[in-house]
Amino acid sequence: MEFARLVFVIMAKDLRAELRTKEAVNASFAFAVVILVLLSFVVESNDVPLPVLGGLLWLVFAFAGTLVLNRSFAREVPNDCLDALIAAPISGAALFLGKALANFLLVLVVELVALPVFGIFYNVRWTQQFWQLMLVVVLGTWGVTVIGTVFSALTVNIRLREVMLPMLTYPMLLPALLGAMELTGSLVTGAPIGPETVTWLKLLIGFDVLFTAASVTLVEFILVG
Amino acid sequence: MEFARLVFVIMAKDLRAELRTKEAVNASFAFAVVILVLLSFVVESNDVPLPVLGGLLWLVFAFAGTLVLNRSFAREVPNDCLDALIAAPISGAALFLGKALANFLLVLVVELVALPVFGIFYNVRWTQQFWQLMLVVVLGTWGVTVIGTVFSALTVNIRLREVMLPMLTYPMLLPALLGAMELTGSLVTGAPIGPETVTWLKLLIGFDVLFTAASVTLVEFILVG
Amino acid sequence: MSAVAVEGVWKFYGDFPALRDVCLTAEQGACLALIGRNGAGKTTLLRTIAGFSRHGKGEIRILGTSPRETETRRHIGFIGHGISVYDELSALENLTLYARLYGLANPRKAALEWLERTGLERVRDGLVREFSRGMRQRLAVARAFLHEPSVLLLDEPFTALDDRAIAVLQGLLRDGLAQGRTIILSTHQLREALELASHVALLIRGQVAFHGPCTPEMVADPGLVYARYGED
Amino acid sequence: MSAVAVEGVWKFYGDFPALRDVCLTAEQGACLALIGRNGAGKTTLLRTIAGFSRHGKGEIRILGTSPRETETRRHIGFIGHGISVYDELSALENLTLYARLYGLANPRKAALEWLERTGLERVRDGLVREFSRGMRQRLAVARAFLHEPSVLLLDEPFTALDDRAIAVLQGLLRDGLAQGRTIILSTHQLREALELASHVALLIRGQVAFHGPCTPEMVADPGLVYARYGED
Amino acid sequence: MREKLLYGAGLAAFLLLARNILVIADLPGEAAQGAIFKIIFFHVPAAWTAMVAATAALTLSILFLKTKDFRYDAAAVAVTEVGLAFLAANLVTGSIWGRVIWGIWWTWDVRLTSALVCWLLYAGYLMLRHAIEEPTQRATFAAVFSIFAFIDVPIVIFSIRWFRTQHPGPVFLSSTGSFPHDWTMVLLWNWVALMLLASILGAIRLGQEETQREIDYVRRMAHAL
Ligand code: HEM
Ligand SMILES: Nc1ncnc2c1ncn2[C@@H]1O[C@H](COP(=O)(O)OP(=O)(O)OP(=O)(O)O)[C@@H](O)[C@H]1O
Ligand SMILES: Nc1ncnc2c1ncn2[C@@H]1O[C@H](COP(=O)(O)OP(=O)(O)OP(=O)(O)O)[C@@H](O)[C@H]1O
Ligand SMILES: [Mg+2]
Ligand SMILES: [Mg+2]
């Protein structure tokens, strides 16, 4: 109970600070659109195979998402706020989950707004397997969020944060992204998840479970050692 | 003379702060490789047309480059260093050019190391038109740098820097990127710049000249109003 | 059992020994003024006591336990060089947040009370981003006192405060001492600090050069400690 | 011609008037102590005079010209709440950089000289990231004095300095005044400031409540200005 | 004692390796591929050695977090560096092989990509270490990162079983494998040689790390007195 309350307090704080000005979400969304446009130059031809477009979508999600995620612990830096959080009687796990949940919601919102835009730009009928797609989006996003949040904590105090963070985060994300890409690629063709793609789903779920458990266990070391 | 000296002082300072640890360049380079891997998910099949690969290359340059560029003015924030620069008897134009040159060199180094890696991973024989390609790389990079630097200055003091910057920068960069992409795409096929592609070269040069002039003129307003 | 006990603590930054075999104790209800020249190690020591920064050898106990225990943390109040409040939240939101984190029964009430006590009630809904330096410091004071900690670790708490706010803070500290709280504060404003202090510790290049009760003559001439136990 | 002249300056943050019709002058060789409670507008005023922040109505002249002229800037020295030195460069590199920016003839020599004067020569090759708070403030002082400015604008320059560094800074300021420099400084450490000041200005909620010469009785009892011209 | 052991092991590794090379040179070329096929005798054991090293790094990292004993940290660095070298050998031999057989240096299938990502992750581990100065923090953060990075290892191993890849499927230790028995023995012996080599390199690096720690300690004490 106490744990859940603290998680909620942290989450509410982050959401409030972020949504004080709705611009954060707006800007992240705008960025997603910009990447969509940029990528359209690369995959110029109109007859790109649909599965490739699934990959494209997750690339956009990854770039736009990490933009939000990077700020998660960076926000605690300016006035040494992290000190006060570490000093407070709250466990690292609660702090981490609170921040991860806030990030998850923010990233999810951006993604859900970007999805229809993606559909229009690339002529993808993404609604065909709506619920299965939502499942994949939620699972993939949670994976991205967990890794992003924990690495944001890991790099918050080191030199070269800005470069180290993406360099460490993206490779770690690849398995989850790969799974989400393959699944999305096949879902947008209208085919439901079948025996061929279910391996990817398992991979994705395994990734989420494994990393959530690892993060919750290890974050205490990161924050206070 | 005095102007050139001041430009040099600023450039030397930025390079020194950035290269204090060699890791900065290492990390940017590693990040470039990571993006190469990421993008491989989008252009999965082995028989991607070469021109598309040229586009891909510039996407990598744009993403890895802005990482370096973002830090340009952000570096002045922590101790209110920008105040001292503005207070010093140095014109906005010199400040801007110094920073832009430092960025240009850093981005160029990362790109030149990433090029061979790109060649191997995507099986591109990029050396066929070596000098023309270098010309395009230099022109394209300068375009990216000018825009990146000036927008870094523009957003340095606003909230949400991290999100606003890429959102504003990339769309502005599109013409330059488009030109560089088309040129690189045709150069890696082995064809030199010919009557068909020379328009893109003109666009690129025009972009560079125009935006350099505009930036040098307007940066004074951005910095001190 | 001392409220705060520091035993043989060493702390290195790379090769540089910022703290060398520091031993200090503060009994319950004592106010220890930590003084020392720029770079002597005051901040390092306070951060180490609070458990933010890992030390090499040595042991630190607060109320008999490690400063990293969740239960112990509930009883520590800390003001550092940073002010540890969020620029994007208002003064009231900041304090309410911390009140919640410490699990106070009525967060909003506690927050309002401390805004009032630090003279910030007028700007309670203003974002911290818009505060002047002294207003921020006042908020940091409110944050540190909010959960009625029994050990207060204050690093230059008088910085940026105006005469009135200094008087308020001194009042708060005096009340705290009367209620049995333990205070360790570092400062260069010796006059203000020594008026309150029951004990004084002088750090010189990471070593404790003097540790003892604060005598009336020290209060009368704040430069005395340096003159007598310093090296010049 | 006054060295610094502020005429009817207004400054708004959104709707909030941080400065209201401020008029002040400082003659060459004068030292004006700017005092006022937390949030009175001292920082805002100093930043406006230095030309960092745009004001609404009113006019500011430094040595007869606008503070934004490149030539004028060469004669201004500024210390703000931030310290304006780079964490990733060493103390010496920082000062040399600024010496170059101001086009001094021998940057390295000037830098070394000022490191010596502020007692930092021992750590001249240490990165600022590793400095204690007071060492940073000393470096900020060195940076502001480096180019021998004829107008010094100092926002709480005594912050974080130890007794010895305060004495050094006071000495520097005194020498500066003797050489005909003009100084405007804001501070809450009234004692240290009033010892130097030739004039005093009291800001209350963005308005000048008092502006006049600093009398011996003010020096003897620093609280006097507040008591006599303040509102409580 | 330890010195002698190292020399002995070194000699053994050298002799074994020399013998293996002679044996391999003597084998007839494979029917379809010819002599280049022999690269497999290094390609595969190098990969296995790297995987063993990664597993050791994981174990040592967990041990460090449990005990806070810096010897485990030193061992983890040593093992990771050696593993990285062997993984690089695997990548390079694979690339050369691919160049001959497939005609390209690289292709983006799951096996190759995951191996590359694995390399990037452990290279990131070393960069992360460089960016942190405080020894305890460095060791803790690196250990946490190492645990996270291990996720990629099973993916590298199982990728050819889970997914269709361009990379050859399993030929050892699987029912479908078609590798002659005596060749398998040669390969296993070469693995033994490489493992021995890796252990020696690891021991040398560990020795260096420990000497470095001692030097640091002495230097600190000198500073303190
Ligand atoms: C850069 C490109 C390559 C990489 C990164 C790579 C990576 C790997 C790795 C990590 C393993 C060992 C994993 C394990 O057995 O559990 C492996 C095994 C193997 N590789 Fe490659 N490889 C590459 C190219 C090639 C090529 C071009 C060929 C041949 C055409 C090849 C043939 C094999 C074979 C036959 C095995 C043994 C498979 C088994 O039985 O497990 N590899 N490779
Ligand atoms: N960025 C801002 N946005 C809105 N209001 C601001 C901003 N900066 C300052 N203010 C307001 O302007 C007033 C004057 O602030 P200023 O920082 O000048 O005070 P000060 O006299 O320097 O106080 P202190 O002694 O605490 O440093 C304060 O009431 C403050 O709330
Ligand atoms: N991150 C760091 N890396 C290296 N050295 C450091 C670091 N932080 C502090 N130091 C050094 O440790 C010593 C003690 O610093 P500390 O901040 O504790 O001093 P202080 O007593 O608080 O000084 P001040 O009164 O100026 O605040 C200083 O010599 C400083 O240079
Ligand atoms: Mg300090
Ligand atoms: Mg102020």
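Letters A, B, ... are given to chains in the order of the sequence lines, protein chains preceding strands, and every chain is numbered from 1. We use all heavy atoms of the structure for the numbers below, so side chains are in, but hydrogens, waters and symmetry mates are not.
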Per-residue contact mode, A/Leu173 against chain B (heavy atom under 4.5 angstrom): neither

Among the listed options A/Gly54, A/Pro166, A/Ala32, the residue most often paired with chain B at heavy-atom distances under 4.5 Å: A/Pro166

Under 4.5 Å from a heavy atom of chain A, the part of B/Leu174 involved: side chain

Approximate separation, where rounding is to 0.5 Å, of B/Tyr170 OH and A/Phe31 CZ: 5.0 Å

side-chain contact (heavy atoms from CB on, under 4.5 Å) between A/Ile35 and B/Phe63, worked out: CA-CA 10 Å; A/Ile35 308 182; B/Phe63 280 129; 4.1 Å; yes

Whether over 12 other heavy atoms sit under 6.0 Å from A/Glu196 CD: no

Segment of B/Leu38 engaging chain A (4.5 angstrom heavy-atom cut-off): both

